[in-house]
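Here's the structure we're looking at; comments come further down.
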Protein chains: 2
Amino acid sequence: MSNDVHNSRRRRSTEQPTLKQVADAAGVSAITASRALNRPDQVNERTRARVLEAVERLGYVPNLVAGSLASARSRFIAVIVPSLANSVFIEVIQGLQETFEAQGYQILLGNTEYDLEREYQLIRTFLGWSCSALVTAGLRHNEACRTLLANCDKPIMEVMELGEALDLNVGLDHTEAGRCMARHLLERGHRQALFIGARLAGDYRAGMRYAGHREVFEQAGLAAPLLELERGGLDAGATGLERALAEHPGIGAIHFANDDLATGALLHAQRLGLEVPQKIAIAGFNGLPLGQHVTPRLTTIRSPRQAMGELAAMEVIRRLEGQRVLRRQHDVGFELLVGNST
Amino acid sequence: MSNDVHNSRRRRSTEQPTLKQVADAAGVSAITASRALNRPDQVNERTRARVLEAVERLGYVPNLVAGSLASARSRFIAVIVPSLANSVFIEVIQGLQETFEAQGYQILLGNTEYDLEREYQLIRTFLGWSCSALVTAGLRHNEACRTLLANCDKPIMEVMELGEALDLNVGLDHTEAGRCMARHLLERGHRQALFIGARLAGDYRAGMRYAGHREVFEQAGLAAPLLELERGGLDAGATGLERALAEHPGIGAIHFANDDLATGALLHAQRLGLEVPQKIAIAGFNGLPLGQHVTPRLTTIRSPRQAMGELAAMEVIRRLEGQRVLRRQHDVGFELLVGNST
DNA sequence: CGCTAACATGATAGCGCTAACATAGCGAAT
DNA sequence: ATTCGCTATGTTAGCGCTATCATGTTAGCG
């Protein structure tokens, strides 16, 4: 029953100095030291200097976990994408990351692998980290996700596409992009066009582009056949071309779901000695540098992916800082790049 | 002085249910509920079922921040790379991410933008999050970083290159890769080869490859000129080719620091009607799919980047789980891909 | 000279969870 | 019957920080 009882329970986690030790070294209270670091304008300039000196001398590293628990704010931003293998998401992440990092937010990156159940688990985990906001690629979520997101009272930003969003939304209209390219193909005189995509169940935005493409062709009284591949990438593009030639003999143009497929096909056409666009026209989507460097230059649609990430991050930050959000939805648009492949 | 004093201090952060509420609902103590979720084998099966039912019913989401503070462990892994724009790092991150995520670790991604001071700040922040381990791309750090890392008593994994590591190290020998390609060029009969890289101060691993290249050429009594560009990418490769032709008239081969540059040059050579490899031989580094799909196929060196990430993650996990680490250093090697461009 | 406002600092009490130790129950071994 | 060891659960006391309220101190005013 002596007063050293609670010494026996000691369990300092590390030997790192704590804020209390810094405060003692600077001759102030812990809360003043805390303010000196986090709200510099609330402490006297000379006090702050003493605290900073103590921080430096002791090699103090703030325990952000403790700070987050106490304040119930974490400066974490959850970012959830379906894949890291696709450079499209990487560019959006880059835009998000730069902007958030500059404002002192840390991204928590989650990869669903196109699995909505995994998305739910990731969101749970990220909410457990008291993230300040969530950014997801796309508008499709399962019921559980939707409930979780609707009840969590944090800014939710859905990027990539436009539509019925939960909260904030920055993206572009993929159906319209599909229409745009289809119209271009029609203008170029292609009456027989094939749309080729890969794993469209996952890449449903490509599916939306096909829907737009189909709409335009059918309104013109033309067929809009679809060919779905098992995989993406340059290789798959070559395969797609082979299959198109075999399965759709009369075809004059191929509208690929993305530039990787399209460029793979274009390079393969060269190897086969098939003239592009005379024998076969090829179009892509994304506006990757790759497609702009091959000969003939690829006709494609460029979307401002990095800018989309930046804008999304800025809107989230605006919301977090309590500023009024003017518009919940932003259309970042797209641009048709007419090359020599159509 | 009544006993409602501490009611006035209430500050529940959110309306989320807490573990205590789950425990009450299940008729057990908080610690039992905690164990039911985190150490299932330590509680009776029926008790656990009751707890899980309560979790489900209340929609409980564990507060990981509180858990980390209490246990001083966070399951965060800091991953620090110099850039996200370079697909090489993305692939390593992919390997790391998959492996860590599968074991329940969450990656904290930091981007130094090739700035060692930023690296120091990032490491401080990540240590503040009580990360379990740190993974950095590369062995170069400033003094402050080195001190911080040396004293933090967590597994440190340095990836990409091999050398004098702080702790664990998974990578490949870039100097040897440079030698390997140089020997290949010599075997092909190229006596006049130019090395072209971009921003070599940041991309010092490319500098190491140049050192290897130069060593081989100089030992053969030949010159090993260097041309440094301001930027990378396919465009820059084209620029590099132009400059090489103008500034080094006799040159017969160009050893590019990476495939982006090399492919950019190769495609540009086609536009110029310059035969590859007859008029000019072109070699790259990385083994990107891109270079393998152009005609002529690019001679390059492939490194197992995703596998490097996976192996690095596995070694870190092994260490974290207290298993004996057999080797602190792993050479993942590389592979010369001989195409038709040399 | 008192009164107020603005500024600077401090004491206290948590944030929600888990480590460490404590206890209870039960079958097996002594 | 006592002891031991094992499993299942509970009690207590923090982890390191910040929100909240309280207090002291100085300047400004009529």
Side-chain angles (χ1 to χ4, degrees), chain A residues 1 3-24 26-51 55 60-75 127-130, chain B residues 1 3-24 26-51 58 60-75 127-130:
Chain A
M1 292 296 167
N3 57 7
D4 61 11
V5 170
H6 58 288
N7 272 336
S8 64
R9 296 274 187 134
R10 276 281 160 71
R11 52 184 172 103
R12 275 299 308 291
S13 48
T14 61
E15 294 314 311
Q16 292 295 322
T18 68
L19 186 62
K20 182 66 174 47
Q21 290 170 33
V22 169
D24 288 348
V28 296
S29 68
I31 188 70
T32 301
S34 166
R35 284 195 276 248
L37 296 174
N38 301 321
R39 287 160 159 59
D41 52 318
Q42 284 186 19
V43 297
N44 184 288
E45 197 177 317
R46 292 171 53 194
T47 312
R48 181 165 74 246
R50 286 218 312 287
V51 171
V55 164
Y60 171 70
V61 176
N63 184 326
L64 301 173
V65 178
S68 293
L69 179 60
S71 67
R73 285 178 293 99
S74 77
R75 298 193 86 78
L127 288 176
W129 284 115
S130 312
Chain B
M1 291 299 169
N3 58 8
D4 62 11
V5 170
H6 58 287
N7 270 337
S8 66
R9 297 274 188 138
R10 275 281 161 71
R11 52 184 173 103
R12 276 297 308 290
S13 48
T14 61
E15 294 314 312
Q16 292 295 322
T18 68
L19 187 61
K20 182 65 173 46
Q21 289 170 34
V22 170
D24 288 347
V28 297
S29 69
I31 188 71
T32 301
S34 166
R35 284 195 277 247
L37 295 174
N38 302 320
R39 290 162 158 58
D41 51 316
Q42 284 185 18
V43 295
N44 184 288
E45 196 177 318
R46 292 170 53 194
T47 312
R48 181 164 74 246
R50 285 216 314 286
V51 171
L58 300 181
Y60 171 70
V61 175
N63 185 325
L64 300 173
V65 178
S68 295
L69 178 60
S71 67
R73 285 178 293 96
S74 77
R75 299 193 83 80
L127 288 176
W129 285 115
S130 315

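What's counted below: heavy atoms across the whole structure, side chains too, no hydrogens, waters or symmetry copies.
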Interatomic distance where CG belongs to B:L64 and P belongs to C:dG16 [whole Å]: 13 Å
So which nucleotide from D:dT9, D:dA19, D:dG16 ends up closest to the side chain of A:I31? D:dA19
Rounded to the Å, how far apart are B:Q42 CD and D:dC6 C1'? 13 Å
Backbone N or O of A:S130 within a donor-acceptor pair of the A:S74 side chain at under 3.5 Å? yes
Does the side chain of B:R73 get closer than 4.0 angstrom to OP1 or OP2 of C:dA19 through an N or O atom? yes
For B:G128 and A:V61, which heavy atoms make the closest approach, and how far apart are they? N-CG1, 3.9 Å
I need the CG-C1' distance between A:L37 and D:dT18, as an integer number of Å. 12 Å
I need the B:Q16 CD to A:L127 CG distance, nearest 0.5 Å. 7.0 Å
Does A:V65 reach a base, just sugar-phosphate, or nothing at all? Heavy atoms under 4.0 Å. nothing
Looking only at heavy atoms, what is the nearest atom pair of B:A36 and B:R48, with distance? O-CD, 3.8 Å
Would you indicate, yes or no, if D:dG10 has its OP1 or OP2 atom less than 4.0 angstrom from a side-chain nitrogen or oxygen of B:T32? yes
Does B:N44 have a side-chain nitrogen or oxygen under 4.0 Å from the phosphate oxygens OP1 or OP2 of D:dT7? no
Let me confirm one number: the CG-CG distance from A:D24 to A:L19, rounded to the nearest 0.5 Å. 9.5 Å
C:dG16 phosphate, OP1 or OP2, under 4.0 Å from B:Y60 side-chain N/O: no
Is there a side-chain contact between A:W129 and A:S68 in this structure, where contact means two heavy atoms from C-beta onward sitting under 4.5 Å apart? no
Distance check needed: D:dC17 P versus A:N63 CG, whole Å only. 5 Å
Take the protein atom CD of A:Q16 and the nucleotide atom C1' of D:dG16, then report the distance between them rounded to whole Å. 12 Å
Which pairs with one or both residues in residues 28-44 of chain B pass side chain to side chain donor-acceptor pair (under 3.5 Å), sequence neighbours excluded? B:S29-B:T32
Determine: side-chain N/O of A:S29 to OP1/OP2 of C:dT9, distance under 4.0 Å, yes or no. no
Closest heavy-atom contact between B:V22 and B:V51? CG1-O, 4.0 Å
Just N and O in the side chain of B:S34: are any of them under 4.0 Å from OP1 or OP2 of C:dC17? no
By nearest atom, which of the nucleotides D:dG10, C:dT18, D:dG16 is closest to the B:R35 side chain? D:dG10
Let me know the distance between CZ of B:R48 and P of D:dA8, rounded to the nearest Å. 10 Å
Rounded to whole angstrom units, what separation is found between the CZ atom of B:R39 and the C1' atom of D:dA8? 15 Å
Between P of D:dA19 and CG of A:L19, the distance in whole Å: 12 Å
Side-chain N or O of B:S68 less than 4.0 angstrom from OP1 or OP2 on D:dC15? no
So if I take every side-chain heavy atom of A:A66 and compare against D:dT9, C:dT18, D:dG16, which nucleotide ends up nearest? D:dG16
Let me check the geometry of the helix from C:dC1-D:dG30 to C:dT30-D:dA1. What is the bend angle between the axes at its two ends, five pairs each, to 10°? 40°
